[in-house]
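Take a look at the structure set out below.
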Number of protein chains: 2
Amino acid sequence: MVSQTLTDDDVDRIFRALADRTRRDIVRRTLTAEASISELAKDYDMSFAAVQKHVAVLEAADLVARIPRGRERIIQGNPEAIRRAQQLLGRFEQIWRGRIDRLDALLAEDPSSAQDH
Amino acid sequence: MVSQTLTDDDVDRIFRALADRTRRDIVRRTLTAEASISELAKDYDMSFAAVQKHVAVLEAADLVARIPRGRERIIQGNPEAIRRAQQLLGRFEQIWRGRIDRLDALLAEDPSSAQDH
DNA sequence: TGTTTGTGAAACCATTTGGTTGTATGTTAA
DNA sequence: TTAACATACAACCAAATGGTTTCACAAACA
């Protein structure tokens, strides 16, 4: 566990980072097996610098770690960050579920208060 | 269920739409209780047109529905879309878990093949 | 040692984003 | 039937995004 409480800026960065297919693919790959930036870059139809930028966006969102190893930088996907993002969406679900629960409670509690909407 | 198989563009739109705090707030609110665009706009420090644009982004990602009612447009959060987004992240988790499982299997299967990495 | 390889970083560019204002149009209410 | 309200939409703008090329530099190799 690192910081637990995410700011709005943190959440912005996480979803923004996930909103690009190349970056999602990099996360997927490095979650399975770490790779250097140039290894990653080989598989995408863009320059090394472009891939490097994508990695920087992912690192800023803490979705990957960039670990120096000799002249290389090894990229590792961060499963904890994915889990945190999932929990963020889980809160939305809870909010929705909460609405249903309140509605149920209202209807159960006082049937005479039922109104059409 | 609507389309089930999301394209890369669909996923791009979903995460992009969630990468803005105003839009996340609109989703939260309209998941709890539907509201017209002008009702929403009252609570944000920006123009009506700006809120209208945010709603359009959310609608394009299918995170909210825009339902005409008289002269108003009622915005409803779409819990199904949230769930789909959560499942997308769930797949990442599975990928990571799969890596661990394969590693465990490898180590369990043939201890002599263990190597440092 | 010199050369290749891997990375970092700057400058640049087109497009998208997130905001604005202004105008038009449909809908409800007096 | 006006007036007020809710929305739609266009034009505009600054800043961010996603890409490029180029140059610098450190690490590994022949």
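Throughout, protein chains are lettered first and strands after them, A, B, ... in sequence-line order, and every chain is numbered starting at 1.
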Counting only side-chain nitrogens and oxygens, does Ser38(B) get under 4.0 Å of the OP1 or OP2 atom of dT7(D)?
yes
If each of Arg23(A) and Gly70(A) is mapped to the nucleotide of DNA chain D with the nearest heavy atom, which maps nearer the 5' terminus, i.e. the 5' end?
Arg23(A)
With respect to the side chain of Arg16(A), which nucleotide from dG18(D), dG18(C), dG8(C) is positioned closest?
dG18(D)
Separation of Gln52(A) atom CD from dA24(D) atom C1', in whole Å?
13 Å
Using a cut-off of strictly less than 4.0 Å, decide whether Arg66(B) has a side-chain nitrogen or oxygen near OP1 or OP2 of dA8(D).
yes
Output yes when a side-chain donor or acceptor of Arg66(A) lies under 3.5 Å from a complementary backbone atom of Arg73(A), and no otherwise.
no
Would you find a donor on one side and an acceptor on the other, under 3.5 Å apart, between the side chain of Thr30(A) and the backbone of Gly77(A)?
yes
Roughly, in whole Å, what's the span from CD in Glu72(B) to C1' in dT25(C)?
16 Å
What is the distance, rounded to the nearest whole Å, between atom CD1 of Ile74(B) and atom P of dT7(D)?
7 Å
Atom pair distance, as rounded to whole Å: CZ in Phe48(A) and P in dT21(D):
14 Å
Using atom CZ of Arg71(B) as one end and atom C1' of dA6(D) as the other, report the distance to the nearest whole Å.
6 Å
So, Asp25(B) and Thr22(B): side-chain donor and acceptor under 3.5 Å apart, yes or no?
no
Whether Arg28(B) engages the ring of Trp96(A) as a cation-pi pair (distance to the six-membered ring centre under 6.0 angstrom, angle to the ring normal within 45°) should be assessed.
no
Mind checking Thr22(B) for me? I need base, sugar-phosphate or nothing, with any heavy atom below 4.0 Å counting as a touch.
nothing
Nearest-nucleotide pick for Ala49(A), side chain only, options being dT20(D), dT21(C), dG18(D)
dT20(D)
Between Asp43(A) and Arg29(A), is the closest basic N to carboxylate O distance under 4.0 Å?
yes
Which whole-number value in Å describes the distance from Lys53(B) NZ to dG19(C) P?
9 Å
Figure out the CG/P separation between Asp12(A) and dA16(D), and round it to whole Å.
13 Å
Hey, does Ser47(B) reach any base, or is it just sugar-phosphate, or nothing, if we go heavy atoms under 4.0 Å?
base
Separation of atom CG in Leu18(A) from atom P in dG18(D), rounded to whole Å:
12 Å
